[in-house]
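All chains are named by letter (A, B, ...) in the order of the sequence lines, taking the proteins before the strands, and each is independently numbered beginning at 1.
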Number of protein chains: 2
Amino acid sequence: MKSKENDERVARMRHSTSHIMAEAVQCLFPEAKFGIGPMIEKGFYYDFDLPRALAPDDLPAIENRMREIIHQDVPFVTERIAKEKARKLFAAQPYKLELIDEISDSTATIYRQGSFTDLCRGPHLASTGEVKAFKLTHVAGAYWRGDEKRPMLQRIYGVAFAGQKELDDYLSLQAEAAKRDHRKLGKELGLFSIHEEIGPGLVCWHPKGALIRQIIEDFWRAEHRKRGYDIVYTPHIAKIDLWKTSGHLEFYRDYLFPPMEIEGQQYMLKPMNCLAHILIYKSQLRSYRNLPLRYAELGTVYRYERTGVLYGLARVRGFTQDDAHIFCRPDQVEEEVTEVLNLAQFMMSSFGFGEYELLLSTRPEKYAGTVSMWEEATGALKHVLEKLDSHYEVDPGEGVFYGPKIDIKLKDAVGHVWQGPTIQVDFNLPQRFDVCYIGEDGLEHNVVMIHRTVLGSMERFLACLVEHYGGAFPVWLSPVQATIVPIADRHVGYAHEIESVFRNDGIRVRVDDRSERMNLKIREAELEKVPYMLVVGDKEMASSSVSLRLRSGENLGSESVPQVKSRIMAAIEAKS
Amino acid sequence: MKSKENDERVARMRHSTSHIMAEAVQCLFPEAKFGIGPMIEKGFYYDFDLPRALAPDDLPAIENRMREIIHQDVPFVTERIAKEKARKLFAAQPYKLELIDEISDSTATIYRQGSFTDLCRGPHLASTGEVKAFKLTHVAGAYWRGDEKRPMLQRIYGVAFAGQKELDDYLSLQAEAAKRDHRKLGKELGLFSIHEEIGPGLVCWHPKGALIRQIIEDFWRAEHRKRGYDIVYTPHIAKIDLWKTSGHLEFYRDYLFPPMEIEGQQYMLKPMNCLAHILIYKSQLRSYRNLPLRYAELGTVYRYERTGVLYGLARVRGFTQDDAHIFCRPDQVEEEVTEVLNLAQFMMSSFGFGEYELLLSTRPEKYAGTVSMWEEATGALKHVLEKLDSHYEVDPGEGVFYGPKIDIKLKDAVGHVWQGPTIQVDFNLPQRFDVCYIGEDGLEHNVVMIHRTVLGSMERFLACLVEHYGGAFPVWLSPVQATIVPIADRHVGYAHEIESVFRNDGIRVRVDDRSERMNLKIREAELEKVPYMLVVGDKEMASSSVSLRLRSGENLGSESVPQVKSRIMAAIEAKS
């Protein structure tokens with residue numbers, strides 16, 4: 001309870017800081033028109049209509065004025081006034097007038113501190129002095145009420161915390177996160193690019209990124225085969241009628257690419273892999289003895305996302321799902337979902353994710369099938385979660401149109417939360433496509449389908465890995481695992497000898513035989529986040545050893561070639 | 001010269017057999033109208049307009065009549081007559097009249113044997129008795145003059161050879177080829193399917209086909225990495241402007257899928273992977289020291305082929321090329337082409353193809369770039385072929401629009417020829433896209449691009465493998481490498497023990513533990529073309545052995561479990 005009170009206090013403080021910022025802006029820009037200024041996660045924002053565009057320099061000036069207001073410790077005073085009175089009070093504030101018009105009540109609540117009055121339901125702190133630690137972070141454009149036909153306002157974002165230490169911790173985590181931004185590191189490390197000439201949200205995987213992807217895919221495929229999955233490949237386009245039958249065209253229309261017409265037939269890029277898997281299933285008669293069948297595919301799908309929401313590899317238009325569809329009998333659903341959860345947890349721990357959240361998403365507003373189907377499917381998922389004694393939250397109305405789902409959100413090293421594995425139970429498509437098996441009773445029964453990914457997509461998962469590890473991938477995922485640095489040209493031959501020993505064991509090693517200074521080579525290998533640097537000079541040649549250095553800068557001194565090799569092989573094996 | 005004379009004689013004989021068939025049809029259908037009846041590879045056809053559709057039973061009747069005509073040994077007599085006279089002679093033959101009208105000369109040549117006269121330039125045999133061996137094979141519909149707006153005629157196909165033995169050999173090879181048809185075996189062996197609901201030419205790879213594909217792809221990737229290729233992944237769609245710049249839109253329009261419009265931009269399914277590779281190359285400055293760069297991708301491309309030409313996996317609309325683009329300096333072209341040829345030959349021999357033809361395709365009618373560019377590129381390819389002392393043929397005008405190419409055609413076990421690897425030298429796209437490197441002179445120079453595949457496409461290559469091996473894949477490619485057949489239920493435990501020993505070494509093994517008779521299990525495993533069948537009963541259990549049987553039916557008798565395991569591992573290792 002203590003923590004909840006604290007949360008509320010911090011929320012109130014953030015909201016109050018937004019009013020203090022508005023007062024500061026009013027001082028500096030008396031002509032300012034005010035939009036809204038809510039609290040958000042970690043802080044607040046306020047939207048302003050200002051006579052000129054804000055420059056980065058304006059933020060310190062606003063902050064200074066805010067500090068003065070806080071120092072003055074003026075009280076927040078609230079009052080309930082008639083709407084008519086409010087209209088007069090905000091006569092010069094068109095956005096506020098619009099908000100007043102929408103109040104259904106006959107009165108409006110205002111909050112006042114010092115010279116600034118705002119239309120606001122509160123609650124607020126007792127006085128401005130209670131704000132302990134804040135910082136304005138950035139400015140962005142924002143349409144009034146999010147409507148692109150309304151005026152574009154300037155939104156100032158800030159963060160606020162209960163104390164200076166929390167703020168400092170947050171800011172340094174942010175600075176770390178910015179360093180780890182996968183868009184920045186993706187370019188620096190040569191992992192991927194997105195080209196205007198190809199189109200937004202369409203990813204080219206460069207050699208190093210593609211190598212990491214291939215390692216992930218190989219691992220994924222091997223693990224799936226071990227666990228009784230069959231891998232398939234299916235086309236990226238299909239006749240649109242399939243998605244009429246499935247309901248995607250009806251429920252998912254906003255995310256579909258436009259159709260292409262060939263010989264009088266409309267074809268569409270697939271937004272999901274499920275329908276082709278259904279056709280493979282249906283290509284022969286299946287008995288209850290054959291089930292479950294598990295079809296897995298690294299299937300590239302295309303979904304239309306507005307340009308505005310695209311974000312590096314994390315939100316794209318074309319992405320490769322590590323998809324699978326399990327066709328099973330109703331009595332097998334719980335065991336299959338349990339096994340998928342086990343696999344998902346195994347995958348997450350293999351890639352170094354210890355923290356995650358479980359979310360159960362239930363029936364959305366637009367859904368296919370009957371309510372009783374949904375209840376049955378949701379019940380099955382709940383039962384599995386409870387049996388596994390997993391803590392989970394319910395995310396109401398966030399299921400896919402064809403069924404409820406369990407989502408797993410991964411927490412990365414800087415606390416960001418990523419959409420990870422997802423498991424969906426579907427009683428619906430099997431009915432629409434008449435997907436059956438012959439039961440022990442000799443009759444046809446609908447299968448249950450489980451849609452699932454255990455990584456999400458190759459694109460988003462790489463983004464998440466990059467930020468989790470800050471680009472310093474574990475050895476098994478590192479594109480280059482070791483760089484050998486000969487000190488002088490006379491050591492190059494020895495370097496290549498070690499290279500060939502390492503290569504024979506599959507270690508990805510490279511000799512930096514450029515005629516550059518050793519320190520430059522080491523610095524570049526560190527920037528490239530190569531896990532091991534093996535420096536070789538006269539002493540090392542004489543003793544068949546290397547001088548070993550880690551990308552952290554740590555110097556491990558001299559080690560024999562077999563020792564270093566074993567060390568690297570052990571790290572690869574341990575996925576550490 | 002002897003052989004050429006023979007060829008001409010056989011050609012004449014095939015053409016004459018076509019006339020004999022026409023005479024036989026005239027006897028059986030006096031109302032028949034005659035189209036044309038040329039010689040083709042291995043035989044001949046003739047198009048007829050008949051009062052009813054031919055049934056399979058009609059062919060033996062026609063053959064019998066033909067045999068009588070041959071037995072009568074009547075002479076072929078030719079005559080040159082005035083066109084007017086010809087018009088009278090063929091007054092009842094509208095198709096012949098149409099042909100007569102098109103003769104620019106004032107006379108026409110006719111050939112007559114017995115009661116049958118044809119408008120024909122010849123040449124023919126001296127008499128019908130010289131036909132030694134023929135067979136009518138099938139009937140198909142054919143539009144008059146290939147024009148779908150003209151009448152549909154019935155085309156009877158036949159084959160004819162210099163002697164009965166050649167005919168018998170040919171027919172038995174054909175029977176074998178029919179058994180090996182990848183469309184038939186693909187279904188029987190559960191390799192792939194093509195669904196009307198998805199669309200023609202769009203392939204779903206079933207678990208066993210996908211497993212073979214994955215083995216091929218893994219092998220391909222590992223071999224490419226070894227040889228200094230970098231693997232990349234690129235999107236399946238891109239803005240259409242890219243293909244305007246490249247020239248594909250101009251030179252390749254008939255094979256492109258229609259565009260999709262998103263946010264005012266036209267996007268298109270990629271027909272080739274080259275352009276994204278160019279953009280990856282161009283994403284940073286490259287020096288002459290960095291070259292060659294070799295980007296490889298198992299890239300799925302989409303090309304519009306008319307429904308009529310689609311054929312199983314051999315001709316499809318969506319296919320995965322084992323593609324690569326080499327960016328190199330002009331002085332590196334020959335070495336790179338040589339290395340690609342080496343790689344291609346290595347790949348072919350790894351997959352068991354010993355026989356192939358080399359073709360050099362030169363400038364087509366529609367081409368991009370200058371004639372001198374074409375000559376330079378063609379010269380480079382020629383030089384490599386000559387240096388390697390390879391026998392090759394020139395295929396004039398068959399190059400791609402952006403450059404000449406070397407094609408390798410594979411000959412499968414029944415003599416069919418398949419399009420295999422292809423190597424194209426391209427001076428053209430580097431100019432259009434300004435693909436440069438900084439030379440030793442500090443100036444920008446255009447790279448040369450080499451486009452190449454060493455298998456062709458996964459789809460066509462699987463078709464070719466299926467037919468080459470008649471579905472009995474070498475052990476390393478077999479989806480199931482060994483089936484263990486317990487004789488009775490009490491041997492199932494022992495069977496699973498062996499299974500787990502084999503699995504630990506990565507052998508794809510399965511226990512057939514159904515309660516069926518041993519003979520049925522063996523027959524089914526043979527139909528499935530499983531290389532090894534391990535039968536286990538009391539005797540085998542007692543002696544820790546198995547009774548080993550091959551898919552050929554050969555029985556190898558008792559072998560210890562480690563012996564069988566080594567045998568299988570050795571076969572996998574040897575790719576045999």
**Q** For Gln214(A), is it the side chain, the backbone, both or neither that has a heavy atom under 4.5 Å from a heavy atom of chain B?
**A** both
**Q** With a 4.5 angstrom heavy-atom cut-off, is it the side chain or the backbone of Phe192(B) that approaches chain A, or both, or neither?
**A** neither
**Q** Can you check whether Pro258(A) reaches Ile262(B) side chain to side chain, under 4.5 Å on heavy atoms?
**A** yes
**Q** Highest number of heavy-atom pairs under 4.5 Å with chain B: which of Ala276(A), Cys204(A), Pro259(A)?
**A** Cys204(A)
**Q** Taking side chain as everything from C-beta outward and backbone as N, CA, C, O, which of these in Glu459(B) sits under 4.5 Å from a heavy atom of chain A? Side chain, backbone, both or neither.
**A** neither
**Q** Between Val203(B) and chain A, which part of the residue has a heavy atom less than 4.5 Å away: side chain, backbone, both or neither?
**A** backbone
**Q** Which one of Lys208(B), Gln265(B), Arg221(B) has the most heavy-atom pairs closer than 4.5 Å to chain A?
**A** Arg221(B)
**Q** In terms of heavy-atom pairs under 4.5 Å, which option from Gly318(A), Gly209(A), Ser283(A) contacts chain B the most?
**A** Ser283(A)
**Q** Could you go through Arg213(B) and Glu297(A), starting from their C-alpha distance and side-chain angles, then the distance that decides it, and tell me whether this counts as salt bridge (Lys or Arg N to Asp or Glu O under 4.0 Å)?
**A** CA-CA 13 Å; Arg213(B) 172 166 165 179; Glu297(A) 179 172 15; over 6 Å; no
**Q** For the interface with chain B, which of Gln284(A), Arg225(A), Met458(A), Glu261(A) has the highest count of heavy-atom pairs at distances below 4.5 Å?
**A** Arg225(A)
**Q** Please classify the contact between Thr245(B) and chain A as side chain, backbone, both or neither, with a heavy-atom cut-off of under 4.5 Å.
**A** neither
**Q** In terms of heavy-atom pairs under 4.5 Å, which option from Arg289(A), His195(A), Arg503(A) contacts chain B the most?
**A** His195(A)
**Q** Find the one option among Ile237(A), Leu293(A), Ile240(A), Leu242(A) whose heavy-atom pairs under 4.5 Å with chain B are most numerous.
**A** Ile237(A)
**Q** Determine, stepwise, if the pair Glu196(A) / Lys239(B) fulfils side-chain contact (heavy atoms from CB on, under 4.5 Å).
**A** CA-CA 9 Å; Glu196(A) 194 46 43; Lys239(B) 287 185 187 166; 2.8 Å; yes
**Q** Quick one: do Leu269(A) and Met260(B) satisfy side-chain contact (heavy atoms from CB on, under 4.5 Å)? Show the steps, please.
**A** CA-CA 10 Å; Leu269(A) 280 166; Met260(B) 294 164 277; 3.7 Å; yes
**Q** Mind listing the closest non-hydrogen atom pair of Tyr267(A) and Pro200(B) along with its distance?
**A** OH-CD, 3.3 Å
**Q** Minimum heavy-atom separation for His206(B) and Val232(A), please, with both atom names.
**A** C-CG1, 4.3 Å
**Q** Could you tell me which portion of Phe319(B) (side chain, backbone, both or neither) has an atom closer than 4.5 angstrom to a non-hydrogen atom of chain A?
**A** neither
**Q** Evaluate whether atom NZ of Lys282(A) has more than 12 neighbouring non-hydrogen atoms of other residues, nucleotides or ligands under 6.0 angstrom away.
**A** yes
**Q** Would you mind telling me which of Thr307(B), Thr320(B), Asp218(B), Thr234(B) has the largest number of heavy-atom pairs within less than 4.5 Å of chain A?
**A** Thr307(B)
**Q** Where on Arg306(B) is there a heavy atom nearer than 4.5 Å to chain A: the side chain, the backbone, both, or neither?
**A** both
**Q** Starting from the C-alpha separation in whole Å, work towards a yes-or-no answer on side-chain contact (heavy atoms from CB on, under 4.5 Å) for Tyr233(A) and Thr300(B).
**A** CA-CA 11 Å; Tyr233(A) 301 79; Thr300(B) 307; over 6 Å; no
**Q** Determine whether Tyr304(A) and Glu263(B) satisfy the following criterion, side chain to side chain donor-acceptor pair (under 3.5 Å), listing intermediate values before the conclusion.
**A** CA-CA 10 Å; Tyr304(A) 169 62; Glu263(B) 295 176 351; 2.6 Å; yes
**Q** Using a 4.5 angstrom heavy-atom cutoff, name the option from Ile231(A), Leu279(A), Leu275(A) with the most pairs to chain B.
**A** Leu279(A)
**Q** Please classify the contact between His236(B) and chain A as side chain, backbone, both or neither, with a heavy-atom cut-off of under 4.5 Å.
**A** both
**Q** In terms of heavy-atom proximity below 4.5 Å to chain A, should Phe257(B) be classed as side chain, backbone, both, or neither?
**A** side chain
**Q** Which atom names give the shortest non-hydrogen contact between Pro207(B) and Tyr295(A), and what distance separates them?
**A** CG-CE2, 3.8 Å
**Q** Assess whether a salt bridge exists between Glu197(A) and Lys244(B), defined as any Lys/Arg side-chain N lying under 4.0 Å from an Asp/Glu carboxylate O.
**A** no
**Q** Against chain A, label Tyr229(B) side chain, backbone, both or neither, depending on which of its atoms sit under 4.5 Å from a heavy atom there.
**A** neither
**Q** Please classify the contact between Pro479(B) and chain A as side chain, backbone, both or neither, with a heavy-atom cut-off of under 4.5 Å.
**A** neither
